[in-house]
**Student:** 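One structure follows; several queries about it will come next.
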There are 2 protein chains.
Amino acid sequence: MEGKTKSCTIRDVARYCKVGVSTVSRAINDDPEIAPATRERVLEAVRELHYVPNNSARNLKMTESRTVALLVRGIDNYFYQGMYDPIQKDLREAGYDYIIHAVDEVADVTKEASALVKEKRLCGLIILGGRVDKSARELSSIDIPYVLCTVAVPYGKAMPECTTVGIDDERSAFCITDYLIKRGHSRIALLGGKKGDSAVGARRLEGYKRACNEAGQPIDESLIFYMHDDIPEFSVENGYAMMKEAISSGVDFSAVFVISDLMAIGAYKALFEAGIKIPYDVSVVGFDGINLGKFLHPTLTTMCQPRPQMADKAVSELVRMMKGDDHIRHNVFETELLTGESVSTKKD
Amino acid sequence: MEGKTKSCTIRDVARYCKVGVSTVSRAINDDPEIAPATRERVLEAVRELHYVPNNSARNLKMTESRTVALLVRGIDNYFYQGMYDPIQKDLREAGYDYIIHAVDEVADVTKEASALVKEKRLCGLIILGGRVDKSARELSSIDIPYVLCTVAVPYGKAMPECTTVGIDDERSAFCITDYLIKRGHSRIALLGGKKGDSAVGARRLEGYKRACNEAGQPIDESLIFYMHDDIPEFSVENGYAMMKEAISSGVDFSAVFVISDLMAIGAYKALFEAGIKIPYDVSVVGFDGINLGKFLHPTLTTMCQPRPQMADKAVSELVRMMKGDDHIRHNVFETELLTGESVSTKKD
DNA sequence: TATGCTACTGGAAACGTTTCCGTTAATTGA
DNA sequence: TCAATTAACGGAAACGTTTCCAGTAGCATA
C-alpha cells in the first residue's frame with residue numbers, strides 16, 4: 001500500500017522535466033519530430049514518476065482506439081480452446097489491445113456489438129460462433145471491420161457481406177459420412193441435427209444427407225436425432241441425451257455420426273451403459289478434432305478443424321481490414337480426417 | 001450499410017430536442033432532478049438518433065469507470081468452464097462493465113495488472129488462477145480492490161493481504177486420500193505433485209502426505225509423480241504422461257490420486273493402454289468435479305469444487321469492496337466427494 | 001548582415017462527457 | 001399580492017490526451 005498516488009498525468013511529467021505537454025506526448029508516442037536527447041529525458045521521467053497514459057483520454061481524442069473486441073457466444077464451449085490464445089498473441093503483436101466479451105445468445109451478438117462499438121470506440125471485431133444469417137445482416141449497420149469466425153457458411157448460397165473464416169461444414173460432413181459408407185455402413189444415425197439452413201448443425205446434416213444420396217441410400221428420417229433444446233448445444237449432456245434417445249427408439253444402425261466431439265463423449269457413455277461395444281457393435285465418428293478425442297477409449301475418429309490456423313487467419317484478416325483494405329474475403333479451411341479406433345469395417 | 005453515421009453525441013441529442021446538454025446527461029443517467037416528461041422526450045430522441053454514450057469520455061470525466069477486469073491465467077483451462085458465465089452475469093447485474101484479459105504466465109499477472117488498472121481506469125480486479133505468493137505480494141501496490149480466486153491458500157500460514165475465494169486444497173486432498181485408505185488402499189500413487197509450498201499442486205500433495213501419515217503409512221517417494229514441465233499444467237496430456245511414467249516405473253500401487261479431473265482422463269487412457277482395469281486392478285480418483293467425470297467409463301470419483309458458487313462469491317466480494325468496504329476476507333468453500341465407479345474396496 | 005530553412009518545442013483547441021453553479025419559472029405560505 | 005422556497009433546466013469548466021499551429025534558435029547561404 002503506497003497510498004492513493006492520484007495517478008500522475010502528462011502535465012505532471014511535463015512540469016517535472018520542464019517541457020511542454022506536447023513534447024511529452026511526442027516522446028511517449030515515438031514521434032520522430034523530437035530531439036533524441038529530449039526523448040530520453042522525458043522517458044526517464046516517465047519511469048521515475050510511474051506515469052501510464054490514460055487510455056480513456058487517448059481514445060477520446062483519437063479517432064481510432066486500437067482496441068478490438070472478441071465476441072464469443074458460449075465462452076465455455078470446449079471447442080474454442082486453443083483459439084483464445086493465438087488470437088490474443090497475434091493481436092498484441094500487431095499492436096492492438098483487445099477485450100473478450102461473452103454473449104449468451106445469438107441474438108445478443110448483434111445487439112451487444114453495435115453498442116460496444118460505439119461505447120468503447122472499437123476499431124475491429126472478431127465474432128466467434130453464431131450463425132451467418134443472424135449475424136451478417138444485422139451487423140451490416142456496424143461500420144468498423146469485423147470477421148465472422150467458425151460460423152456455418154452456406155455453401156453455394158449467397159455469401160455474407162463480410163469477411164469470414166471457417167470450414168465447409170457441408171463438405172466435411174459429406175466426407176466423414178462417405179468414409180463410413182465406404183467402410184460398409186448403410187444405416188448411419190446422425191446425432192445433432194438442427195432445423196433451418198445456416199446453423200452449423202443444419203449444414204452438417206445436409207452433408208450427411210448428400211453422402212447418403214450419392215451412395216444411393218435412401219434418407220431414413222428415423223435415423224436423424226435433433227439437438228435437445230433444453231440442454232446446451234454441442235454439450236456432452238446433449239450428446240448423451242440424443243444417444244439414449246437413439247438407442248431406446250429401437251431403430252437399427254451400425255454407425256453413428258455425432259456432429260461434435262464433445263457430444264461424442266456423451267454418446268460413448270450412453271453406448272457403454274447400454275452394453276453396446278464401440279466399434280464392434282456400433283461405429284462412432286465425431287467432428288471438430290479436440291484433443292480429448294485421442295484420450296477416449298477407443299480413440300475417436302473425427303474431422304479436425306485447424307483451429308489455431310483459423311484463429312491466426314481471423315486476426316490477420318481483421319488487421320488487414322483495419323489498415324484500410326476493405327476487400328471482403330471468405331477463408332475456407334480444409335478439414336482433416338483423423339482416424340481413430342472408433343470405426344470398424346462392416347462385412348456383410 | 002447506412003454510411004458512416006459519424007456517431008452522434010450528447011450535443012446532437014440536446015439540439016434535437018432543444019434542451020441543454022446537462023438535461024440529456026441527466027436523462028440518460030436516471031438523475032432524479034429532471035421532469036419525467038422531459039426525460040421521456042430525451043430518451044425518445046436517444047432511441048431516434050441511435051445515440052450511445054461514449055465510454056471514453058464518460059470514464060475520463062468520472063473518477064470511477066465501473067469497469068472491472070477478469071485476469072485469467074490459462075484461459076483455455078477446462079476447469080474455468082462454468083465460472084465465466086456467472087461472473088459475467090453477476091457483474092452486469094451489479095452494474096459493472098467488465099473485460100476478460102488472458103495472461104500467459106503467473107509473472108505476467110502482476111505486470112499486466114498494474115498497467116491495466118491505470119490505463120483503463122479499472123475499479124476492480126478478479127484474478128483467476130495463479131499462486132498466492134507470487135500474486136498477493138506484488139499486487140499490493142495496486143490501490144484498487146481485487147479478489148484472488150481459486151488460488152492455493154496456504155492453510156495455517158500467513159494469509160495473503162487481500163480477499164480470496166477458494167477451497168482448502170490441503171484438506172480436500174487429505175479427505176480424498178483418506179477415502180482411499182479407508183477402502184483398504186495402502187499403496188496410493190499421486191499424479192501431479194509440484195515443488196514449492198503455495199502452488200495448488202503442492203498443497204494437494206501435502207494433504208496426501210498428511211493422510212498417509214495419519215493412517216500410519218510411510219510416505220513412499222517413488223509413488224509420487226510430478227508434473228511434466230514441458231507439457232501444459234493440469235492438461236490431459238500431462239496426466240497421460242505421468243501415468244505412463246508411473247506404470248513403466250514398475251512401482252506397485254492399487255490406487256491413484258490424480259490431482260485434477262482433466263489429468264485423470266489422461267491417466268485413464270494410459271491405464272487402458274496398459275491393459276490395467278479400473279477399478280479392478282487400480283482405483284482412480286480425480287479432483288475438481290468437472291462435468292466430464294460423469295461421462296467417463298467408469299465414472300470418476302472426485303472432489304468437487306463448487307465453481308458457480310465460487311464465481312458468485314468472487315463477484316459479490318469484489319462489489320462489496322468497490323462500494324468502500326475495505327475489510328479483507330478469506331472465503332474457503334467446502335468441497336464435496338462425488339463417488340463414481342472408479343474406486344473399488346480392497347480386501348486383503 | 002540579412003534571409004531562408006530546418007529542427008525542435010510550446011500553447012491551446014478539441015474530443016464527449018459529467019457536474020457545479022447560476023438562472024428561471026412554478027409553487028407555496030402569509 | 002408578495003416574498004420565499006423549490007423544481008427544472010442551461011451554461012461552462014474540467015477530465016487527460018493528441019495535434020495543429022505558431023514560435024524560436026541555430027545554421028547555412030547569399
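Residue numbers begin at 1 in each chain, while the letters A, B, ... track the order of the sequences.
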**Student:** Side chains of A:Phe79 and A:Arg307: closer than 4.5 Å at any heavy-atom pair?
**Tutor:** yes

**Student:** Can you find a pair of side-chain heavy atoms, one from A:Leu43 and one from A:Ile28, that are under 4.5 Å apart?
**Tutor:** yes

**Student:** May I ask you to test the A:Arg26-A:Val42 pair for a side-chain heavy-atom distance under 4.5 Å?
**Tutor:** no

**Student:** How close or far is atom P of D:dG16 from atom CG of A:Asn55, stated in whole angstroms?
**Tutor:** 14 Å

**Student:** Less than 4.5 Å apart, side chain to side chain, heavy atoms only: is that true for A:Arg66 and A:Asp97?
**Tutor:** no

**Student:** Got a sec, which pairs hit salt bridge (charged side-chain N to carboxylate O under 4.0 Å, His left out) with one end in residues 310-326 of chain B, sequence neighbours left out?
**Tutor:** B:Glu317-B:Arg320, B:Glu317-B:Arg329, B:Arg320-B:Asp325

**Student:** Considering only nitrogen or oxygen atoms on both sides, find all protein atoms under 3.5 Å from nucleotides 11-14 of chain D and state each distance.
**Tutor:**
residue, atom, partner, partner atom, Å
D:dG11, O6, B:Ser22, OG, 3.2
D:dA14, N3, B:Lys61, NZ, 3.0

**Student:** Could you tell me the separation between the CG atom of A:Leu60 and the C1' atom of D:dT18, rounded to a whole number of Å?
**Tutor:** 10 Å

**Student:** Over all heavy atoms of both residues, which pair between B:Ile100 and B:Val72 is shortest? Give the atoms and the distance, please.
**Tutor:** CG2-CG1, 3.9 Å

**Student:** Measure CG/A:Asp12 against P/D:dG16 and give the value in whole Å, please.
**Tutor:** 9 Å

**Student:** Of all the nucleotides listed (D:dG16, D:dT18, C:dT17), which has the minimum atom distance to the side chain of A:Thr9?
**Tutor:** D:dG16

**Student:** Does a nitrogen or oxygen in the side chain of A:Asn29 sit under 4.0 Å from OP1 or OP2 of D:dT18?
**Tutor:** yes

**Student:** For the helix from C:dT1-D:dA30 to C:dA30-D:dT1, how many degrees between its two end axes (five pairs per end), to the nearest 10°?
**Tutor:** 50°

**Student:** Using the ring of A:Tyr98 (Phe, Tyr or Trp, six-membered ring only), decide whether A:Arg92 places NZ or CZ under 6.0 Å from its centre and within 45 degrees of its axis.
**Tutor:** no

**Student:** Side chains of A:Val319 and A:Tyr96: does their closest heavy-atom pair fall under 4.5 Å?
**Tutor:** yes

**Student:** Are any of A:Ser25's side-chain N or O atoms less than 4.0 Å away from OP1 or OP2 of D:dT18?
**Tutor:** yes

**Student:** Does any pair with a residue in residues 31-45 of chain B pass side-chain hydrogen bond (donor to acceptor under 3.5 Å, both in side chains), and if so which ones, sequence neighbours excluded?
**Tutor:** B:Glu44-B:Arg47

**Student:** Suppose we screen for side-chain hydrogen bond (donor to acceptor under 3.5 Å, both in side chains). Which residues come up paired with A:Asp90, at least two apart in sequence or across chains?
**Tutor:** none

**Student:** Does the side chain of B:Leu128 come within less than 4.5 Å of B:Cys149's, by heavy atoms?
**Tutor:** yes

**Student:** Could you tell me the separation between the CG atom of A:Asn54 and the C1' atom of C:dC15, rounded to a whole number of Å?
**Tutor:** 13 Å

**Student:** Near DNA chain C, under 4.0 Å by heavy atom, which residues of residues 30-42 of chain A?
**Tutor:** A:Glu33, A:Ile34, A:Ala35, A:Thr38

